[in-house]
There are 2 protein chains.
Amino acid sequence: MTARTSTESARDIPEATVARLPVYLRALTTLSEAGTGTCSSEALAAAAGVNSAKLRKDLSYLGSYGTRGVGYDVDYLRYQIAREIGVTQDWPVVIVGIGNLGHALANYSGFRSRGFRTVALLDADPARHGEMVAGIEVQPFDDLESIVAEHGVAIGVIATPAVAAQAVADRMVACGITSILNFAAGVLSVPAGVDVRKVDLSVELQVLAYHEQRKAQGELA
Amino acid sequence: MTARTSTESARDIPEATVARLPVYLRALTTLSEAGTGTCSSEALAAAAGVNSAKLRKDLSYLGSYGTRGVGYDVDYLRYQIAREIGVTQDWPVVIVGIGNLGHALANYSGFRSRGFRTVALLDADPARHGEMVAGIEVQPFDDLESIVAEHGVAIGVIATPAVAAQAVADRMVACGITSILNFAAGVLSVPAGVDVRKVDLSVELQVLAYHEQRKAQGELA
DNA sequence: TCCGTTTTGTTCTCCCGTTCACAAACTCCT
DNA sequence: AGGAGTTTGTGAACGGGAGAACAAAACGGA
Ligand SMILES: NC(=O)c1ccc[n+]([C@@H]2O[C@H](COP(=O)([O-])OP(=O)(O)OC[C@H]3O[C@@H](n4cnc5c(N)ncnc54)[C@H](O)[C@@H]3O)[C@@H](O)[C@H]2O)c1
Ligand SMILES: NC(=O)c1ccc[n+]([C@@H]2O[C@H](COP(=O)([O-])OP(=O)(O)OC[C@H]3O[C@@H](n4cnc5c(N)ncnc54)[C@H](O)[C@@H]3O)[C@@H](O)[C@H]2O)c1
């Protein structure tokens, strides 16, 4: 899934833990907004939907931020996780392919509130150019290079049809983007050092269908 | 992630394999449409973006559908995987929460072509009722029970705000839905025997941000 | 028929992740 | 000050998945 080339820095956090840190972060934000000042690993684990031992081990990779007999300071731990993930700063993001899904993503407020700022919406179709979506103007895909250079964009989102995805990814990589979130079906091939994460709704539904079928078979027996 | 209660039937396919079968299925469909009649595990693995040994082991859980020295018959293997997943039949699906994301999902043609049929779009907001999206009329959320009963729906999609998600899930479970695809943030609690899969875009982006930050740190050193 | 080539199916080993269990550390009450 | 109660941090056992390696099987040509 992720390719590592650069020299490993100080702490090496397991991939599975990295994927859970954002979940803890959200749970902590909810707790903080509810006015909770301190929480135990048990309580936080319940809020995040994981085993408490796993939570404690995950947090131990970041350091020793809890107090035995007491628990964790919600705001302090929240800051530490945010810093570790790197969302104390804002990451500029470009979205390519402003169709059905691209519109939804552009309108999604959860990005901005969680450390990401959409700096541009790009589409190859001239008919879409100039349209305003969530306060941002849709621009030609060919503006990619200048926008990435101007804002120092490192993260790109692909929401184009599958046939265009590889070409879009190539252009992104060529102009310096090193992390891609891909909604299009199929496999993207990128050079080492570029991270790609794929979201595939059909896969999710088909996994559900598999289990659903098994349940039905079990009832017959 | 998934809860198993019913008695295990004949073959027990590892969860990791189940998650990859849909990927193989798509790769096979692409190959078939390109006119390929036979393919080796090496070729299919490349198309699916996985290791060929892993692919062969995955397929061996389904049975012995290949021919040594030759490879796999594309259409035959495709049918076998589709049957194993359970997408030779059509699964009726309801989508709840027809906002930004719900619109995109309703318009997504990839569902129908992969074994799923959207039978209803439901929303709690009366202002949305009667709107036509992708040829389907948006109906009141309170119609859930009658629609599920009428069509025998087993799979539900939640695309409401996070605060409403648990209540929607409860109603779904109460009227017989046993598989839920959840796009809302936060943890859903459901009884054993109900499968929930969560898609969380913020988590995906934050994982990318973490690696991005590490890359930047590595360059400084 | 026999041998070389190709490719599957499977075994074996290693590694990562999960979970249990407990000692260390902290608080609070007497 | 001391003991009871609570909760963290981590060592250790366990299970599952990934990948290398190879034997078994099929094919094709001589
Ligand atoms: N809509 C969904 O809910 C959904 C769900 C899962 C996956 N997907 C996937 O997401 C992708 C987008 O889906 P959608 O429904 O928004 O499709 P869409 O057709 O509505 O939008 C695609 C957009 O990409 C643009 N585009 C095409 N080629 C381009 C290029 N080379 N460069 C830049 N822009 C280009 C098009 O002009 C269009 O605006 C598809 O790959 C689809 O499979 C969508
Ligand atoms: N838009 C995105 O790209 C995106 C991305 C990731 C996650 N999400 C999540 O998906 C969910 C939906 O996002 P959105 O942008 O479409 O939001 P939205 O506000 O545009 O749409 C939500 C819809 O749900 C309906 N709704 C509210 N309460 C309901 C209830 N109790 N029963 C039935 N319907 C109800 C509302 O009327 C509205 O139509 C949110 O939880 C959001 O966090 C969205």
Side-chain angles (χ1 to χ4, degrees), chain A residues 1-4 8 11-24 27-28 31 36-74 76-78 80-81 84 207 210, chain B residues 1-4 8 11-24 27-28 31 36-74 76-78 80-81 84 203 207 210-211:
Chain A
M1 183 64 74
T2 59
R4 264 304 45 105
E8 300 297 332
R11 278 184 295 266
D12 201 25
I13 300 181
E15 199 53 37
T17 297
V18 171
R20 281 188 295 267
L21 290 179
V23 179
Y24 303 153
L28 284 166
L31 286 174
T36 310
T38 300
C39 73
S40 68
S41 65
E42 204 70 45
L44 182 53
V50 301
N51 181 297
S52 69
K54 181 153 56 173
L55 170 80
R56 288 199 299 275
K57 180 156 282 192
D58 283 341
L59 294 183
S60 75
Y61 290 113
L62 313 190
S64 235
Y65 296 134
T67 309
R68 295 173 193 226
V70 178
Y72 300 92
D73 181 291
V74 171
Y76 181 62
L77 181 58
R78 185 157 71 115
Q80 293 299 338
I81 294 181
E84 191 70 39
V207 171
Y210 169 80
Chain B
M1 183 61 79
T2 58
R4 264 306 42 111
E8 299 298 331
R11 278 184 295 266
D12 200 26
I13 300 182
E15 199 53 36
T17 297
V18 171
R20 281 188 295 269
L21 290 180
V23 179
Y24 303 153
L28 284 167
L31 286 174
T36 311
T38 300
C39 73
S40 68
S41 66
E42 204 70 46
L44 182 54
V50 301
N51 181 295
S52 69
K54 182 155 55 175
L55 170 79
R56 288 198 298 278
K57 185 179 283 190
D58 283 342
L59 295 184
S60 75
Y61 289 114
L62 312 190
S64 236
Y65 296 133
T67 309
R68 296 174 193 225
V70 178
Y72 301 92
D73 181 290
V74 171
Y76 180 62
L77 181 59
R78 186 157 69 114
Q80 293 299 338
I81 294 180
E84 190 70 39
V203 170
V207 170
Y210 170 80
H211 290 301

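Note on naming: letters A, B, ... go to the chains in the order of the sequence lines (proteins, then strands), and numbering restarts at 1 for each one. All of these numbers come straight from a predicted model, not from anything done at the bench.
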(request) Take atom OH of B:Y61 and atom C1' of C:dT8, then tell me their distance rounded to the nearest Å. (result) 16 Å
(request) Would you mind telling me which residue lines up with the more 5' stretch of DNA chain C, A:A16 or A:V70, judged by nearest nucleotide? (result) A:A16
(request) Would you check, one step at a time, whether the test side chain to side chain contact (heavy atoms under 4.5 Å, CB included) holds for A:V23 with A:V50? (result) CA-CA 10 Å; A:V23 179; A:V50 301; 5.8 Å; no
(request) Write down the distance between CD (B:E15) and P (D:dA18), rounded to a whole number of angstrom. (result) 12 Å
(request) Please figure out whether B:T67 or A:T67 has its closest DNA chain C nucleotide nearer the 5' end. (result) B:T67
(request) Please report the shortest heavy-atom distance between B:S52 and B:S41, naming the atom on each side. (result) CB-O, 4.0 Å
(message) Both A:A53 and A:G69 contact DNA chain D. Taking the nearest nucleotide for each, which residue is further toward the 5' end?
(response) A:G69
(request) Give the intermediate values and the outcome of side chain to side chain contact (heavy atoms under 4.5 Å, CB included) for residues A:L62 and A:L21. (result) CA-CA 10 Å; A:L62 313 190; A:L21 290 179; 4.2 Å; yes
(message) Rounded to whole Å, how long is the line connecting atom CG of A:D58 with atom P of C:dC16?
(response) 16 Å
(message) Any heavy-atom pair between the side chains of B:L55 and B:Y24 that's under 4.5 Å?
(response) yes
(request) Look at B:R56 and D:dA24 and indicate whether a side-chain polar atom (N or O) is within less than 4.0 Å of OP1 or OP2. (result) no
(message) Whole angstroms only, please: what is the NZ-P distance between A:K57 and C:dC20?
(response) 12 Å
(request) Using whole Å, report how far CG of A:L77 lies from C1' of D:dT7. (result) 15 Å
(request) Specify the separation, in whole Å, of atom CG of B:L59 and atom P of D:dA18. (result) 14 Å
(message) Under 4.0 Å from OP1 or OP2 of C:dG17: is there any side-chain N or O of A:N51 that close?
(response) no
(message) If I take atom OH in residue B:Y72 and atom C1' in nucleotide D:dA26, what distance separates them, rounded to the nearest angstrom?
(response) 14 Å
(message) So for B:R68 and C:dT8, does any side-chain atom that can act as donor or acceptor lie under 3.5 Å from a complementary atom in the base?
(response) yes
(message) Measure CG/A:D73 against P/D:dT7 and give the value in whole Å, please.
(response) 16 Å
(message) Are A:E15 and B:V207 packed together at the side-chain level, in the sense that at least one heavy-atom pair is separated by less than 4.5 angstrom?
(response) yes
(request) Would you indicate which nucleotide in D:dA18, C:dG9, C:dC20 comes nearest to any side-chain atom of B:S64? (result) C:dG9
